[in-house]
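Taking it in order: structure first as structure tokens, then the write-up.
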Amino acid sequence: MTTRFRRALDNVTRVRGVRGAMLVAGDDGLIVAESLMEGVRGNAVAALAASLHKRFRQSMDAGAAGAPHFLHLQGDGGTLIVVPAPDGILVVAVGDPNMNVGLVRLEMLRAAEGLT
Amino acid sequence: MASDIKAMTAELARDPSSLVFLELGEALRRVGQLDAASRVLVSGLEQHPDLIGGRDLYARVLVDKGEYARAAQVWGTVLERDARHVGAHKGLGFVSFRGGDLDGALEHLELALAADPTDQSVISALRTVRDAAQELQAEVAPTDAGEDPLFAGLEGAEQGLLLVDDRGRVLGGRLLDRGGREVSEAVAAYLAGAAQEADRTARMLGLGEWRWIVAEGPEANVYVTPPTPETLLLILRDQSVPSGRLAMLAERAGAVARAWLEGQRL
Amino acid sequence: MTQTRAVEAWTLRPLERFVAEAGARLTLLMTPAGQVLAQHGFTRAVDVMSAAALGAAIVASSGELATMLRQKQFSALNHQGVEHGIFLGAFDTPRGRLLALVVYGPDSSVGLVQLFFEEFVTELAAAAPAEERGKAVLAADFERELNESLATLFGQ
């Protein structure tokens, strides 16, 4: 993993409650870089997060709301957040249900900006 | 089957005017040798151009090959010779249905049924097409009905609240884009797939039951939640409305939707 | 309606599940010799036969390349087109080595196909009967079996 990618992900995973963060190729749903706690299935997170983002993009395009620049799925056992970065890359984070979403969001947006 | 094909091929080679080409064409079609079936039938029909059974079979081979427009042409020539030909009406009914022309499909299948009221395959096909036509009407109806009273009194009820079933059909509410254009049906169609993906993602990643999704876009923010296991509630608001407020709105609209759905069941 | 059909019944449930989860448009499950065990999405027998032969040939060619390079056999190949992608995977089961050819569209992705392919392989390995060995194949049997397979795969 390149230093640039590692730094981008480390700032996200440092937030309390985050189980892992990764960069994903949005069209392919494949991992570009990852920093995950043990037990988190990286390939599943990558494929499903990319697919979820794609489907919400279609819904929001249909409603003329534009492509989502922040997507937050809340489950009763965890949280998934997706933020698109340039060149079709997605910054993805998974974490506990009560993690500090505001801080994670901030770090993810910074990570996405850092990839330009 | 293979030996029959060989024997029929030999017979046709001996006598190119033999009517065995019909049986051979059908046998080749059944084993999926569609190009061979097509060749046999074309040369057979050159010998017997008035054999409408041969034309009907040739059209069925064309359908198997995915050449629907050409098949429709051939069945058209059958009907020129026999306006009550059941096979041709059935075939044209299928091609029309496949092309989304439900009225055309109904017309041909009803003509086929008039020609042979005992044909079970026509009866079954007619049922399928009628069901599809009814479903289409049901889907179109809410839009035609205009304003929906489901969310009356709630903030944004006229343009930013939508209740959808798990198959992407609008149950109530209405969505308008910033230009005032109705987008309820289009959003509903995609939303069902997005919710299924949310459900699968939460399940496979160990996130438990999904409760809600917030998506922020350049033009608007969207909040989606399932008020019941079979329905989805969507709230669309401009970016000035914070996500916490969207959650409060969703709670109120969800309670209204659940009460309304309960009332529909009684 | 697009259908999933199987010559060998034990392949049907895993294939149906894989197709639904991965969003595959077309799928062929076959032996390395190109004998088709199950298919989803094909409407013409001639397409199945061609795709099976080509898929088996691609796996055989890449296997030879791997041997030449003294590498382990490739377990999966992916060709990404503008609209569609083609995924070709090989795996072992108690029934012997099998190949899967998967065509997917823009509503899926290679990531989703790979993810559910892993589950597909596990389910097939669990469901597979032991490989039949030493069975003589006569030309007449082959032709009969081929015709029966085509009839099963296309519901004729």
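Just so we're on the same page: letters track the sequence lines, and every chain starts at 1.
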Counting heavy-atom pairs under 4.5 Å with chain A, which one of [options] comes out on top?
{"options": "L191(B), V214(B), D177(B)", "answer": "V214(B)"}
{"options": "V187(B), L176(B), V224(B), L175(B)", "answer": "V187(B)"}
{"options": "V183(B), T201(B), V222(B)", "answer": "T201(B)"}

About how many Å separate CZ of R55(A) and OH of Y190(B), when rounded to the nearest 0.5 Å? 10.5 Å

Given heavy-atom pairs under 4.5 angstrom as the criterion, report whether the side chain, backbone, both or neither of Q196(B) touches chain A. neither

Side chain, backbone, both or neither: which part of L236(B) has a non-hydrogen atom closer than 4.5 Å to chain A? side chain

Heavy-atom side-chain contact between [X] and [Y] under 4.5 Å:
{"X": "E197(B)", "Y": "L48(A)", "result": "yes"}
{"X": "I213(B)", "Y": "H72(A)", "result": "no"}
{"X": "L73(A)", "Y": "W212(B)", "result": "no"}
{"X": "E219(B)", "Y": "M60(A)", "result": "no"}

Which atoms form the tightest heavy-atom contact between [X] and [Y], and what is the distance?
{"X": "R19(A)", "Y": "L207(B)", "value": "NH1-CD2, 4.1 Å"}
{"X": "A67(A)", "Y": "P218(B)", "value": "O-CD, 3.2 Å"}
{"X": "L52(A)", "Y": "A194(B)", "value": "CD1-O, 3.8 Å"}

Exceeds 12 heavy-atom contacts within 6.0 angstrom, atom [atom1] of [X]:
{"X": "R16(A)", "atom1": "CZ", "result": "no"}
{"X": "D199(B)", "atom1": "CG", "result": "yes"}
{"X": "Q239(B)", "atom1": "CD", "result": "yes"}

Which residue out of [options] racks up the most heavy-atom pairs below 4.5 Å with chain B?
{"options": "G95(A), G39(A), G66(A), P97(A)", "answer": "G66(A)"}
{"options": "L71(A), D96(A), D61(A)", "answer": "L71(A)"}
{"options": "A49(A), G63(A), A47(A), S59(A)", "answer": "S59(A)"}

Could you tell me which residues in residues 75-89 of chain A have at least one non-hydrogen atom under 4.5 Å from a non-hydrogen atom of chain B, sorted by residue number? G75(A), D76(A), G77(A), G78(A), T79(A), L80(A)

